Amino acid sequence: MPPSTPSPSPSTPQRSSIPSTPSTLVSPRYPAPDLSSLPTVFILAAKLASDRRDALAKWLVEHRAPVTYDVHKARIVLANVERFARARLELRGLGLWTEKAEAEGEVSGVVKSVGGVKEERGTSPRKRMRVGEGAVRSGKAGREGKRRRVNEDLENDLEAASPRPPASTVTAGSDGETTASDNSISPKPPPNIKVIKLHWLNQVMATSALLPYTPYLIYEARPVSRPSTPTPAIPSTTPSTPIPSSPAPQPGLAILQRAREDALPVKTSTFAPHGSRRFHTFHPTKHTPKLPARVTTEYEGEDTDIPPAPAWVRDKLLFSCQRRTPPNPPNAEFIAQLGKIKHARLLTDDEIGVRAYSTCIAAIAAYEYPLRHPAEILRLPGCDTKIANLWIEWRNTGRVAEADAADSDPDLQIVNTFYNIWGVGATTARDFFYRRGWRDLDDIVEEGWSSLPRVQQIGLKYYDEFLDGIPRAEVEAIAETIRAAAVRVRDPGIEILVVGGYRRGKEYSGDVDVIVSHRELAMTHNLVVDVVGALEDEGWVTHTLLLSLAASERGQATLPFKARVPGGRRTGFDTLDKALLVWQDSVWEGMEEGGKKAKNPNPHRRVDIIVSPWRTVGCAVLGWSGGTTFQRDIRRYANKVRGWKFDSSGIRDRRTGEVVALEGERGVRGGIGDAERAVFEGLGLFYREPWERCTG
DNA sequence: AGGCCGTACTG
DNA sequence: CAGTAC
DNA sequence: GCCT
């Protein structure tokens, strides 16, 4: 029995707002140093509270220093960072690509930490890893056998739950992107820029004396055109510098946040004539000014920092059903990271967090280019600074700390094991662990079996088998068996369509979803029961997890919602009848041999049979073919845009309750595919192929 | 400052 | 009603 | 977490 104090809930999201620093700003009452002789100064917003940055800038201005908000005009960059690599990264984030210039003046001792700078402020990630706790687990004598078995289970889970990209080696963002220079305009090479620790300014303010930069110099930056063509072969092109990529994953914090802030004060010069457009492209302004965008595209490939926004991005199409989302998007690896975080939100009962991550995942999955710049994320609907920062982290370090933490959290792994039991959701899974103290499946079996609801017992019994993917051929065979049974209990007018992941093209499906219909209304009435009965008799169905008949019965009893339908028309729109089944192929090698019951070795499968009246079969197919985000967005879209209530059994007007018969009163004349197209069209949506609905 | 899909079954 | 499923 |  585990300790009665299983450890508190894991990984609270913890917003990473930067603690606004207690501003050490001492406004000088002295006449102070006259800084008018300084070269143009730019304050890098990195790791700096915006108000503090403002205060510093204000102080500089008061002392007549030339301050700019355009990094391209700067000769001096003040940076609240310690290391060369980081500083260069931040500049790059602003569209300024630089390299270390080993010349021009003081090459003095390389970058070395200035003595007094111990413990910069504002740098306390405080990861709140859970510690201890884990050690307790390993003990537990006497359960060796099961422990091993369950470990296997666990691994299976993780495999199935989140198809993880192979560790992947996204090299640190040091290496090139594309595009060459656009500073062909300027004949003479731009002057070098001194990147100096912000501490310099602190000292200047404290001492009221203009101090030399040299002790604070991070590096002398020579602007360069962006490297063209990644030269993908070389993994780490980071020039010499013995600095290891970055030991502590403490990646680009609020770069975007800062970018936004940058954008504001600069408003005077949004169209300022200075040459570089890059700075503009970085502006996360909500709607990109059309003119510059056009101009950029006309510059034709070479110096466009980021690809032009696809139409759905430009038009801010919020709903994933308004765009195509292919199965293997170019940014799948990053999406997988977001998926881990989303899954952790799921396990912690954070429905809203799940929604948020689902939305941004769907958006990025629809984005047709490999991401190269955070600004590309910022312009996607459902994505903002949080996501963009995660991407920056991913790009720079090849990891996403939050995702790794979620993935490896031992408590969450246990909860996940339970969550994978069919019929067990996040709440119960967490209850099993945190309240009952169970830590593996055998704990449940031994201590709680008899108290489990029937479906959870079934889910437990076939735990591994349900987690196995079902190959397409087997899906097809099962569907055909269902069709044959339906024909047998009705007539050859039966039409079926396999929906779900299979229809989206997946090689392996988690379950089998089959829509069964018939053009004659009477034929679909009570069809589920008859079909399931037949399949049971034939030995295909071993368990019925759930049977939903709301349709047939309630449909004729009373008309839900809008009680009064004048006269003749009996709307009787059955909500869908459906059956959630456990399936097992009833024929196997050697079944007739010997005694009689050798055991059926075939795996158990989850099979859903959905019966739809022809009238609404398009809705049924649409409602059952999309990824979950696609489905939710269909409903949201129907609601917000048309004022309708969509579900897979039909569409109603929210105000009047009237049925909206997009497929006609008696269904379409063509086939099931035509019915679905009719629904798309009626909703005002372009048709999306099933494999373009892979929103996750 | 409130919303985030809509519905049905089990216990 | 809460929980789960699709 | 993002949007209205």
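If you're wondering where the values come from, they're calculated on a predicted model, not measured in any experiment. When reading the values below, keep in mind they use all heavy atoms of this one structure, side chains included, and skip hydrogens, waters and symmetry mates.
Per the geometry, CG belonging to A:Leu549 stands 20 Å off P belonging to C:dA5, to the nearest Å. The interatomic distance linking A:Ile364 (CD1) with D:dC2 (P) rounds to 10 Å, in whole Å. As rounded to whole Å, 17 Å separates atom P of B:dT10 from atom CG of A:Leu452. Computed from coordinates, the A:Asp633 CG to D:dC2 P distance equals 16 Å when rounded to whole Å. Between A:Ile421 atom CD1 and B:dT10 atom C1' the separation is 17 Å, expressed in whole Å. Summarising the geometry, the separation between CZ on A:Arg355 and C1' on B:dG2 is reported as 14 Å, rounded to the nearest angstrom. Nucleotide D:dC3 holds its P atom 14 Å from the CD atom of A:Gln322, rounded to whole Å. Look at CZ on A:Arg635: it is 17 Å from C1' on B:dG3, rounded to the nearest Å.
Across all strands shown, A:Val455 has no heavy atoms under 4.0 Å from either base or sugar-phosphate atoms. Among the heavy atoms of the strands, none lies under 4.0 Å from A:Ile610. Contact annotation for A:Ile387: backbone-only contact, meaning every heavy-atom pair under 4.0 Å involves sugar-phosphate atoms and none involves a base. Backbone-only contact: A:Leu318 has heavy atoms under 4.0 Å from sugar-phosphate atoms and none from a base.
The side chain of A:Lys640 approaches B:dC4 more closely than any other nucleotide in the set D:dC2, B:dC4, B:dG11. For A:Trp624, the side-chain atoms get nearest to C:dC6 when compared with the rest of B:dG6, B:dT7, C:dC6. The side chain of A:Lys386 lies closest to D:dG1, out of B:dC4, B:dG6, D:dG1. Between B:dA8, D:dG1, B:dC4, one nucleotide has an atom nearer to the side chain of A:Tyr357 than all others, and that is D:dG1. Set against C:dC6, D:dC3, B:dG11, the side chain of A:Asp384 has D:dC3 as its closest nucleotide. For A:Leu546, the side-chain atoms get nearest to B:dC9 when compared with the rest of B:dC9, B:dC4, D:dC2.
For the ring pair (Phe, Tyr, Trp, His ring centres under 6.0 Å) test with A:His543, the passing option among A:Trp422, A:Phe466, A:Tyr462 is A:Tyr462; the others fail.
Nucleotides B:dC5 and D:dC3 are separated by 15 Å at their P atoms, to the nearest Å.
A donor-acceptor contact closer than 3.5 angstrom is absent between the side chains of A:Asp577 and A:Ser548. A side-chain donor-acceptor contact under 3.5 Å links A:Ser649 and A:Asp647.
By the side-chain contact (heavy atoms from CB on, under 4.5 Å) test, A:Leu317 is found to be paired with A:Trp312, A:Asp315, A:Gln322, residues two or more places apart in sequence or in another chain being considered.
In this structure, the side chain of A:Arg654 does not engage the main chain of A:Asn639 through any donor-acceptor pair within 3.5 Å. Between the side chain of A:Gln457 and the backbone N or O of A:Pro453 there is no donor-acceptor pair closer than 3.5 Å.
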Atom pairs and distances, donor-acceptor, side-chain atoms in residues 508-517 of chain A, under 3.5 Å, two or more places apart:
| residue | atom | partner | partner atom | Å |
| --- | --- | --- | --- | --- |
| A:Ser517 | OG | A:Ser612 | O | 2.7 |

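Residue-to-nucleotide proximity on DNA chain B shows that, of A:Arg454 and A:Ile352, the 5′-proximal contact is made by A:Ile352. Nearest-nucleotide mapping onto DNA chain B: of A:Leu545 and A:Trp644, the residue sitting toward the 5' end is A:Trp644.
The side chain of A:Lys316 places no N or O atom within less than 4.0 Å of a non-bridging phosphate oxygen (OP1 or OP2) of D:dC3. Residue A:Arg652 places at least one side-chain N or O under 4.0 Å from the OP1 or OP2 atom of B:dT7.
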Below 3.5 Å between N/O atoms, which protein atoms pair up with nucleotides 1-3 of chain C? Just atom names and distances, please.
| residue | atom | partner | partner atom | Å |
| --- | --- | --- | --- | --- |
| C:dG3 | O3' | A:Thr428 | OG1 | 3.2 |

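Between A:Ile482 and A:Trp540 there is no side-chain heavy-atom pair separated by less than 4.5 Å.
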